[in-house]
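Beneath this line is the structure, given in structure tokens, with notes to follow.
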Amino acid sequence: MAEEIKQRARSKKIHRVQIGFNVLAQIALILFLAAMVNSIAFKHYKRWDFSRDQKYALSDKTKRFLKTLKGKMRVTIFFSPNTPIAAEVQNLLTEYQYTGNGKIDVEHIDPERNLSRAKELFDKYKVVTDESLLVLDYEGRNKTVKASEMADIDQSGMAFGEGPRVAAFKGEQAITSAMMDLVEGKKKPLAYVLGHKEPPLLENSAISVLKTFIENENIRFQELNLFDVDAVPAEMKAIVIIGPQYDFSDREMKLLRDFWDKQGRILLLLDPAARTPRLDAFLNELGVKVNDDRLMVFLRTGIQELALTRDVQAHFLGDSPITKRLADAQALFFGGTSSLTLEPDRVRAANIRVEPLIQSEKGYFAETDYNTDDQVKLQADAKRNRNTPLTIGASIEKGGSADERVQVNSSRLVVVSNATFVQDNAITQDQQALDFVSGSVNWLLSREKLIGIAPKIAKPLTFSLSEDALRNFRWIVLVLMPLIPAVIGTVVWWQRRV
């Protein structure tokens, strides 16, 4: 009996030991799994930006550029604590580090506290300014980006005791541009044709915003007057023609055709009000006919009132690498715009591909008698032609491949039948114009990896209502809303009367 009791006690003790080992093993396993999950989550994580303006997200262009980096990019931040954009720059570079996947190293140095380290790097990079700045270092080459280049500071409140306010943060444009400078070495030249009353390349010209934006993509504008040369210089791989007011001469057209035949690249923005029959004939040879008309639309401004406008609201088509990331985005084309007739079948035998890039929204019609004031005739033309899709921008490629993965040298051309949409007064209201021109220029320069949406500009929240929605809204405001309290009041009055 005693032996049986001892055996049971021994069995219980062993059982308790087993339970203890099981508990320890479970605790160890849970701790191991927690450590593994945290380790994996630390190395492989995903970030989302849920802000309305995507304020903290990098543009597609910057993301694709960072993926092409082959070496390490070192960024040294020399910002004093009272710099207004210090927090924005730090958050922005955190996004660069995450997207760069280990290729971006960032070091923060406060020049007011870490004097020895600051002096060491100032001597190394030959920094001679006291302004807050970044220093980018890539494969032995370095470039500085000043705080003043990354933001527009509004100091109008200083007189009232207020501090400086950041009116516009341009950190991504400045940093990505500087990185491209370092990686590509030298700027890509882009010829800008003059001599036909095109907007000049001056600081306060009509296209100064466009010029600055394109040059920030490691591109250098170089003026070109075809009267002064025997051929387009060999180093010029692409040329830009914006709104010529006079036609090209026969000699200039010969130079332009020779350039095209030698795999040249051309961006052509036409002013419909200017008569350029030789340029139009050149485009017609390539399968694009510039029509002598103007796009118009009647807009309802009241219950029975219609207004005629020539400002064209259009959308981008997503079938081309130029506009793939602008698909279905809308843009305004101010002033006169003519329609383009594309004839791809006619030029297919010459290995020329023609694609539409921009089309007007529904309701627009192409009016050939655009100088008339006869509203009856215009309304009749609008009813007859308003459902026809109208193209105002197209791309032409000769000798290339339809497969984007196959890189073949080719002649390329982008044409838009409106030249005012790139002017400063239009671009500052519509970011999509910059995105389109940037995509066109990068496609012409065979830099498809850099085609993308430019950094976003914060805009106020707005609602656009269609004509049917406006009609329903009028019924709600004028009839339904007054009717509800009237019905309630009638019911209450009837109950009290009874």
Side-chain angles (χ1 to χ4, degrees), residues 48-57 154 157 162 165-169 294-318 325-335 337 358-367 373-390 392 421 425-433 435 453 455-498:
W48 288 276
D49 182 5
F50 295 106
S51 61
R52 180 172 61 87
D53 295 321
Q54 298 287 290
K55 179 180 178 180
Y56 305 100
D154 181 10
E162 300 176 359
R165 183 181 64 86
V166 179
F169 181 64
R294 297 291 186 275
L295 269 62
M296 304 178 185
V297 67
F298 280 99
L299 298 177
R300 190 173 297 278
T301 57
I303 297 177
Q304 296 294 333
E305 297 177 358
L306 292 175
L308 182 69
T309 179
R310 303 187 182 211
D311 296 333
V312 179
Q313 185 169 2
H315 63 274
F316 299 96
L317 307 178
R325 291 170 180 83
L326 277 170
D328 298 325
Q330 295 181 336
L332 280 172
F333 293 79
F334 295 96
T337 305
I358 313 171
Q359 286 185 344
S360 64
E361 296 293 342
K362 292 182 179 179
Y364 283 87
F365 64 100
E367 178 59 56
D373 294 327
D374 188 347
Q375 294 295 308
V376 176
K377 178 183 184 302
L378 292 173
Q379 291 186 27
D381 292 342
K383 292 179 181 179
R384 185 169 55 252
N385 302 319
R386 65 183 175 184
N387 293 324
T388 303
L390 300 171
I392 63 174
F421 78 103
N425 57 352
I427 278 185
T428 52
Q429 301 178 42
D430 204 345
Q431 180 75 17
Q432 287 83 348
D435 301 335
I453 302 298
K456 299 166 180 68
I457 295 176
K459 295 181 179 179
L461 182 62
T462 58
F463 295 94
S464 298
L465 298 178
S466 64
E467 188 172 332
D468 292 337
L470 283 172
R471 187 182 303 110
N472 295 333
F473 183 73
R474 291 192 198 98
W475 279 105
I476 292 173
V477 173
L478 299 177
V479 179
L480 186 59
M481 290 180 65
L483 188 61
I484 291 175
V487 171
I488 294 174
T490 302
V491 171
V492 172
W493 171 80
W494 182 262
Q495 288 179 344
R496 290 181 177 180
R497 180 177 177 275
V498 173

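Start at 1 with the first residue, then count along the sequence.
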**Any Arg310 side-chain heavy atom under 4.5 Å of Thr337 side chain** = no
**Item:** With sequence neighbours excluded, residues passing ring-ring contact (aromatic ring centres under 6.0 Å, His included) with Phe316
**Value:** Phe436
**Request:** For residues Val477 and Pro482, report the shortest heavy-atom separation together with the two atoms involved.
**Result:** O-CD, 3.3 Å
**Heavy-atom pair of closest approach, residues Ala314 and Glu361** = C-OE2, 3.9 Å
**Parallel, tilted or perpendicular: rings of Phe421 and Phe333 (30°, 60°)** = tilted
**Prompt:** Gln313: what forms a side chain to side chain donor-acceptor pair (under 3.5 Å) with it, not counting sequence neighbours?
**Reply:** Gln330
**Item:** Separation between OG1 of Thr309 and CZ of Phe334, rounded to the nearest 0.5 Å
**Value:** 9.0 Å
**Prompt:** Got a sec, which residues hit salt bridge (Lys or Arg N to Asp or Glu O under 4.0 Å) with Lys377, two or more places apart in sequence or on another chain?
**Reply:** Glu367, Asp381
**Fill in**
One should read off an interatomic distance between Lys362 NZ and His315 NE2, to the nearest 0.5 angstrom, of 9.0 Å
**Asked** Rounded to the nearest 0.5 Å, how far does CG of Leu308 lie from CG of Asp373?
**Response** 10.0 Å
**Asked** What are the two closest non-hydrogen atoms of Leu390 and Ala366, and how far apart are they?
**Response** CD1-N, 3.8 Å
**Prompt:** Between Asp328 and Leu317, is there a donor-acceptor pair closer than 3.5 Å when you use the side chain of the first and the backbone of the second?
**Reply:** no
**Request:** Grab the two heavy atoms, one from Gln359 and one from Pro389, that are nearest each other, plus how far apart they are.
**Result:** OE1-CB, 4.1 Å
**Asked** Mind checking what makes side-chain contact (heavy atoms from CB on, under 4.5 Å) contact with Leu483, not counting sequence neighbours?
**Response** Val487
